Amino acid sequence: MAVTTKATIASFGGKLLKLSHNATTTNCEMNFNLYLPPQAIAHPDKKVPLLIYLSGLTCTAENCSEKGFFQHGASKNGIAVLYPDTSPRGLNIEGEDDAYDFGSGAGFYVDATKAPYDKGYNMYSYVTEELPQTVFAAFREIDSTRVSITGHSMGGHGALTLFLRNPGKYKSVSAFAPITNPVNCPWGQKAFKGYFGEENQEKWKEHDATELVKKWKGPLNVLIDVGTGDNFYKQGQLLPENFEKAAKEAGVTGVNIRYQPDYDHSYYTMATFSDDHVEHAAKYLFA
Ligand SMILES: N[C@@H](CCC(=O)N[C@@H](CS)C(=O)NCC(=O)O)C(=O)O
């Protein structure tokens with residue numbers, strides 16, 4: 001459970017901590033970043049809520065910390081932000097570093113059941129259990145009962161599926177350019193084949209937001225931004241229309257998908273709309 005501090009960086013009146021710990025679920029040392037807003041530093045006895053941001057393919061904790069601008073809205077609202085890595089690192093599995101969309105940097109927020117990736121590619125357990133528990137134990141100024149989740153692309157898939165699989169665990173969910181129907185897109189099919197096996201299609205569906213939303217009860221109150229200039233959207237990797245249709249057919253309300261004209265898949269999009277996503281989380285974290 002011990003956490004090592006590698007750097008402390010002033011940001012929007014608060015502190016961005018670069019941290020690491022030895023994780024059991026992923027069998028390796030994991031880096032992560034944590035933003036403590038000024039309110040947590042001024043009044044450590046008064047707990048602040050937490051927003052978890054899950055990154056996309058090829059990312060580490062750094063991408064969003066450096067250029068997602070979440071710290072701006074988090075500082076204003078008094079919310080801590082947790083930036084996990086996207087996979088285990090250095091497990092020495094043959095071929096794990098060979099592709100940008102599978103293996104390292106591409107853990108897809110699932111627990112792999114297929115060898116050899118079942119030896120540590122457990123990003124579902126890591127993000128839902130081990131990492132938050134580690135953070136709550138090390139940072140008493142964070143309120144373990146008020147947690148929201150968001151993410152980008154593969155991380156948007158992670159945010160949606162973790163929220164949909166765990167009713168009540170998170171106060172709210174939002175996403176940028178999420179992979180919403182992985183069983184029907186090349187990125188998702190490649191990942192699920194490698195982590196679960198081709199034959200295990202039921203398992204694939206358990207981690208597919210479009211499948212999961214069909215079983216959701218009540219309003220979802222999700223905010224999703226997708227840029228119309230996003231090449232991966234155009235290539236059919238994200239499929240937000242499938243998610244929207246499935247939610248509508250299942251009578252699930254509160255699905256707000258904003259198609260942002262010309263915005264692409266990059267962090268320019270997150271930087272533009274991150275304030276909106278922090279405000280969305282704040283509405284539920286401070287309800
Ligand atoms: N640039 C990659 C595509 C992967 C990609 O666009 N990753 C997104 C998430 S799905 C990202 O956030 N990349 C890192 C960055 O823009 O900082 C490639 O085609 O090799």
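Positions are given from 1, in the same order as the sequence printed here. This structure is a prediction, so every number in the text was calculated from the model and none was measured. Ligands are counted one by one from 1 in listed order, and the atoms in each one are counted from 1 as well.
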For atom 12 (O) of ligand 1, state whether the nearest protein heavy atom is under 4.0 Å away. yes
Pick from Phe273, Tyr35, Phe12: which one makes a ring pair (Phe, Tyr, Trp, His ring centres under 6.0 Å) with His72? Phe12
Is the shortest distance from a heavy atom of Ser266 to ligand 1 less than 4.0 Å? no
Tyr267 ring center near His152 ring center (under 6.0 Å): yes
Name the residue from Tyr109, Phe102, Trp204 that meets the ring pair (Phe, Tyr, Trp, His ring centres under 6.0 Å) definition with Tyr195. Phe102
Within 4.0 Å of some non-hydrogen atom of His265, the atoms of ligand 1 are 6 (O), 10 (S)
Are side-chain heavy atoms of Thr150 and Leu51 found at a separation under 4.5 Å? yes
Under a 4.0 Å N-O cut-off, is there an ion pair linking Asp143 with Arg146? yes
Between Tyr100 and ligand 1, does any nitrogen or oxygen pair lie at a separation below 3.5 Å? no
As an exercise, identify every atom of ligand 1 less than 4.0 angstrom from a heavy atom of Lys67. 15 (C), 16 (O), 17 (O)
Could you pull out, from Tyr267, Tyr268, Phe176, the option with a heavy atom nearest to atom 16 (O) of ligand 1? Tyr267
Is the His265 to Phe176 ring centre distance short of 6.0 Å? no
So does Glu129 pair up with Lys169, basic N to acidic O under 4.0 Å? yes
Considering heavy atoms of the protein only, find what lies nearest to atom 5 (C) of ligand 1 and give residue, atom and distance to 0.1 Å. Leu57 O, 4.0 Å
Atoms of ligand 1 less than 4.0 Å from Cys59 heavy atoms? 11 (C), 12 (O), 13 (N), 14 (C)
Quick one: look up the protein heavy atom nearest atom 6 (O) of ligand 1 and list residue, atom name and how far away it is. Phe232 CE1, 3.6 Å
For atom 15 (C) of ligand 1, what's the nearest protein heavy-atom neighbour? Residue, atom name and distance, please. Asn63 ND2, 3.5 Å
Ring centres of Tyr126 and His21 under 6.0 Å apart? yes
Contact atoms of ligand 1, heavy-atom distance to Gly56 under 4.0 Å: 9 (C)
Check each heavy atom of Met154 against ligand 1 and say whether those closer than 4.0 Å belong to the side chain, the backbone, both or neither. neither
Taking only heavy atoms of Ser153, which atoms of ligand 1 are found under 4.0 Å from at least one of them? 10 (S)
Where does Ser55 meet ligand 1, judged by heavy-atom distances below 4.0 Å: at the side chain, the backbone, both, or neither? neither
Answer yes when Glu249 and Lys245 have at least one side-chain N-carboxylate O distance shorter than 4.0 Å, and no when they do not. yes
